[in-house]
Amino acid sequence: MGFFTDTSVCIGCKACEVACKEWNGVPEDGLDFTGMSYDNTQGLGADTWRHVAFIEQDKPIGNAESGIDHAGAPGNGATDMRWLMASDVCKHCTHAACLDVCPTGSLFRTEFGTVVVQEDICNGCGYCIPACPYGVIDQRKGDGRAWKCTLCYDRIGAGREPACAKACPTDSIQYGPLDELRERAALRVEQLHDLGVEDARLYGHDPNDGVGGDGAFFLLLDEPEVYGLPPDPVVTTRDLPSIWKHTGLAAAVLLGGITAAFAAHGRSGGRR
Amino acid sequence: MSEMSEGNESRVTREGVQGERPDREARIGEGLARRDGGRRGRRAEKAMVPEAEFSSSYYGLPILNPPVWKSLDIAGYFFLGGVAGAGSVLAAGAQLTGRPAVARALKISSLAAIAGSTAALIDDLGRPARFVNMLRVMKLTSPMSMGSWLLAAYGPAAGAAAVLDVTGLFPRLGGAATAGAAALGPLVATYTAALAADTAVPAWHDVHRELPMVFAGSATAAASGAALLACPVRETAPMRTTAVLGAALELAAAKWMEHRAGLVAEPYRKGKGGRFVRAGEILSVAGATGGALFGGRSRAAAALSGAALLAGSACTRFGVFHAGVQSAKDPKYTVVPQRERLAAAAEPSAKQSAL
């Protein structure tokens with residue numbers, strides 16, 4: 001089970017952020033004024049499991065026209081402006097680096113294919129945080145443990161949809177079986193392309209990508225990095241065989257070098 | 001009751017049936033009539049595979065969540081693990097070749113260093129009381145898990161080697177402990193490189209082939225420095241050699257790493273990370289050279305060289321740590337290499353379609 005977030009219908013209401021906080025009892029995470037459009041949340045972290053990004057661009061969406069004659073206005077009155085909004089969340093990767101590197105087994109994969117932290121086991125080593133290629137999981141201040149989206153493990157276990165999807169008024173956030181969502185997403189991209197929204201593309205939907213496909217994937221209207229998403233994330237443990245091999249090689253060089261040095265010097269001058 | 005219907009059915013209200021909610025087929029971007037009968041030229045231009053340069057980010061915010069590790073704890077943990085691990089190998093060599101003062105000093109320094117590094121690791125935990133959860137599972141995919149088990153085996157061996165040497169009790173058991181610590185020592189010194197490399201941090205992950213070699217060299221130089229600092233000159237000749245070998249390996253691997261990694265290695269030359277790396281280079285070269293030239297003649301020169309080697313190794317580890325944090329905090333180091341990878345993957349197919 002997973003999420004498909006269709007950002008083309010997101011209206012930036014932040015109902016998902018609020019519903020998530022309310023349902024999961026996520027604490028307050030700072031009340032900043034950032035000047036980043038309407039985004040004062042800034043990004044995912046221990047106390048932000050849904051984050052709505054706001055991007056203002058000098059670019060129209062598809063063939064959209066305001067229908068207003070701006071000919072007399074300064075600067076030729078061009079109003080080629082579009083406002084992208086997107087609700088970001090933990091991707092619940094098929095190959096999840098956070099889960100792979102967790103030394104306590106606190107992070108585990110659920111029967112729904114999602115990735116969840118067991119908070120009674122996490123000892124706050126913080127290894128999962130730099131391991132995540134998306135910058136999702138983080139350490140809660142004053143608590144010391146790592147926290148992130150659970151895809152509402154308690155709700156979906158009881159046959160309900162996650163709080164954010166339930167609260168979303170435009171169905172920008174859709175919850176369901178991944179293959180169904182992928183099918184629906186492909187149709188939606190096709191539809192948008194037909195309407196002239198050539199920028200529409202899916203992100204995280206491909207099971208052959210660097211993380212084996214995301215359990216939460218997106219329809220975006222611009223490059224992923226515009227939304228603060230990595231363009232080609234790869235699970236760090238894909239290189240683990242090479243990492244261990246080179247570590248073993250380095251250990252062998254250390255042992256061999258020191259042995260060779262002692263062999264060259266021989267026994268000490270008999271002063272025992 | 002509302003929980004019963006999870007879908008988006010229309011609702012019956014006092015005003016009658018409220019039509020279906022605007023569904024997922026919202027015709028965003030459809031706009032009004034196309035005045036010029038089609039897309040205008042400049043708008044029709046859709047960016048093809050973008051140039052592999054950094055053009056856009058989300059308000060310049062990092063893409064990754066940077067490590068929350070405290071530099072003193074984790075860089076210190078890297079450094080002390082190196083002193084301990086390489087020190088155990090040197091101690092065994094010294095014992096086998098009749099250099100008891102060096103053997104004893106390095107067994108003691110290895111015990112002190114591994115105790116210090118374990119304390120640093122525990123101090124860095126968000127929940128130090130749950131430290132034992134590290135031994136709850138054994139996971140090959142987690143260098144921190146493997147490292148915890150390694151420390152659980154190496155720590156007692158290093159401890160027994162030191163205590164039995166100083167007390168003179170059970171010499172055969174002491175010999176076995178010394179051998180055991182020496183066998184595990186090389187991995188204790190280098191696995192921390194795997195720990196750093198097995199993350200999404202660009203300046204750590206992308207140098208995963210070279211970083212263990214940097215750590216091996218740095219650890220050898222540091223443990224050799226400890227011997228030069230603590231032991232009489234007549235016994236330290238092999239350590240003067242290993243200091244040169246270690247420093248040379250550290251520097252060569254670091255240069256190779258910076259050469260290979262390109263953009264991602266920038267933090268090893270810039271900012272706080274760059275300053276530590278530079279200081280580490282200078283101190284390691286000074287310590288190794290000073291030890292080789294004067295360490296055999298003057299006790300003071302040997303001690304000074306040893307201190308420089310230890311400081312150099314510490315600076316290298318702090319440099320690596322800070323370079324990693326810097327690379328995680330700048331979206332450039334995350335986005336550009338990934339863009340280049342995508343462009344490189346797209347190139348063969350683009351060539352094919354052009355034919």
Side-chain angles (χ1 to χ4, degrees), chain A residues 8-9 36 43 53 61-65 67 97 100-105 121 123-127 129-133 135 138-139 144-145 161 171 195-198 223 225-228 230-232 236-237 239-240 242-244 246-247 250-251 253-255 257-258 261-262 265 267-268 272, chain B residues 6 24 26 28-32 34 46 56-59 61 63-65 67-69 89-90 93 97-99 125-127 130 133-134 136-137 141-142 144-145 148 186-187 190-191 193-194 197-201 205 208-209 212-213 216 220 235 237-238 241-242 245 334-335 338-339 341-342:
Chain A
S8 70
V9 291
M36 292 158 35
I61 290 184
N63 302 306
E65 303 280 355
D100 284 347
V101 305
C102 175
T104 64
I121 290 172
N123 67 6
C125 76
Y127 201 9
I129 297 159
C132 174
D138 211 346
Q139 190 175 44
R145 291 171 295 176
E161 62 181 323
D171 264 348
L195 290 169
V197 187
E198 291 167 356
E223 299 294 351
E225 55 266 38
V226 170
Y227 297 87
D232 184 28
T236 183
T237 43
D239 291 323
L240 198 59
S242 170
I243 292 173
W244 280 130
H246 286 89
T247 302
V253 166
L254 189 158
L255 189 60
I258 291 178
F262 275 105
H265 281 274
R267 287 193 68 82
S268 184
R272 287 216 62 164
Chain B
E6 288 276 352
R24 295 168 190 141
I28 171 192
E30 187 176 30
L32 303 176
R34 298 176 183 181
K46 182 171 179 279
S56 47
S57 76
Y58 189 65
Y59 299 98
L61 292 177
I63 284 186
L64 304 175
N65 283 337
V68 293
W69 295 327
V89 180
L90 288 173
T97 59
R99 295 176 171 89
L125 293 177
R127 287 288 175 103
R130 291 185 182 175
N133 281 5
M134 286 288 190
R136 188 176 164 269
V137 291
T141 58
S142 170
M144 197 179 282
S145 167
S148 299
L187 276 175
T190 53
Y191 92 88
D198 193 23
T199 61
V201 174
H205 182 91
H208 70 260
R209 291 176 196 82
M213 220 50 105
T220 306
E235 282 194 12
T241 305
T242 54
L245 290 177
T334 308
V335 171
Q338 294 189 15
R339 273 281 158 226
R341 192 162 65 213
L342 285 173

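In the text below, chain A, chain B and the rest are named by the order of the sequence lines, each starting its count at 1. These numbers come from the heavy atoms of this one structure, side chains and all, not from hydrogens, waters or symmetry mates.
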Based on non-hydrogen pairs under 4.5 Å, which of [options] is most in contact with chain A?
options                                    : result
Asp198(B), Val201(B), Leu245(B)            : Asp198(B)
Thr242(B), Thr334(B), Thr190(B), Leu187(B) : Thr190(B)
Pro238(B), Ala194(B), Ala193(B)            : Pro238(B)
Arg136(B), Gln338(B), Met144(B), Met213(B) : Gln338(B)

Taking every heavy-atom pair that is under 4.5 Å apart, which of [options] has the most such pairs with chain B?
options                         : value
Gly257(A), Pro103(A), Gly124(A) : Pro103(A)
Thr237(A), Leu255(A), Leu240(A) : Leu240(A)
Gly105(A), Cys102(A), Pro133(A) : Cys102(A)

Task: Smallest separation among heavy atoms of Ile63(B) and Pro230(A), with atom names - done: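 Scanning both residues, the minimum pair turns out to be CG2-CD, 3.7 Å.
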Task: Closest non-hydrogen atom pair, Ala251(A) against Pro186(B) - done: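 So the two residues come closest at O-CB, 3.4 Å.
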Using non-hydrogen atoms and a 4.5 Å limit, figure out which bit of [X] sits close to chain B: side chain, backbone, both or neither.
X         : answer
Ala53(A)  : both
Ile121(A) : both
Cys132(A) : backbone
Val253(A) : side chain

Just wondering, do [Y] and [X] contact through their side chains at under 4.5 Å, heavy atoms?
X         : Y         : answer
Phe262(A) : Thr241(B) : no
Glu223(A) : Arg339(B) : yes
Leu61(B)  : Met36(A)  : yes
Val137(B) : Thr104(A) : no
Leu64(B)  : Pro130(A) : no
Thr199(B) : Val101(A) : no

- [ ] Mind telling me whether Tyr127(A) and Trp69(B) have parallel, tilted or perpendicular rings, with 30° and 60° as the class edges?
- [x]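 Tilted, since the angle between the ring planes falls between 30° and 60°.
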What is the distance from atom [atom1] of [X] to atom [atom2] of [Y], rounded to the nearest 0.5 Å?
X         : Y         : atom1 : atom2 : answer
Glu225(A) : Ser57(B)  : CD    : OG    : 9.0 Å
Leu342(B) : Asp232(A) : CG    : CG    : 4.0 Å
His208(B) : Ser242(A) : NE2   : OG    : 3.0 Å

Looking at [Y], is its backbone amide N or carbonyl O close enough to the side chain of [X] to form a donor-acceptor pair, meaning the two atoms are under 3.5 Å apart?
X         : Y         : value
Arg127(B) : Gly144(A) : no
Thr141(B) : Asp100(A) : yes
Arg209(B) : Ile243(A) : no

TODO: Step by step, work out the side chain to side chain donor-acceptor pair (under 3.5 Å) result for His265(A) and Thr97(B).
DONE: CA-CA 9 Å; His265(A) 281 274; Thr97(B) 59; over 6 Å; no
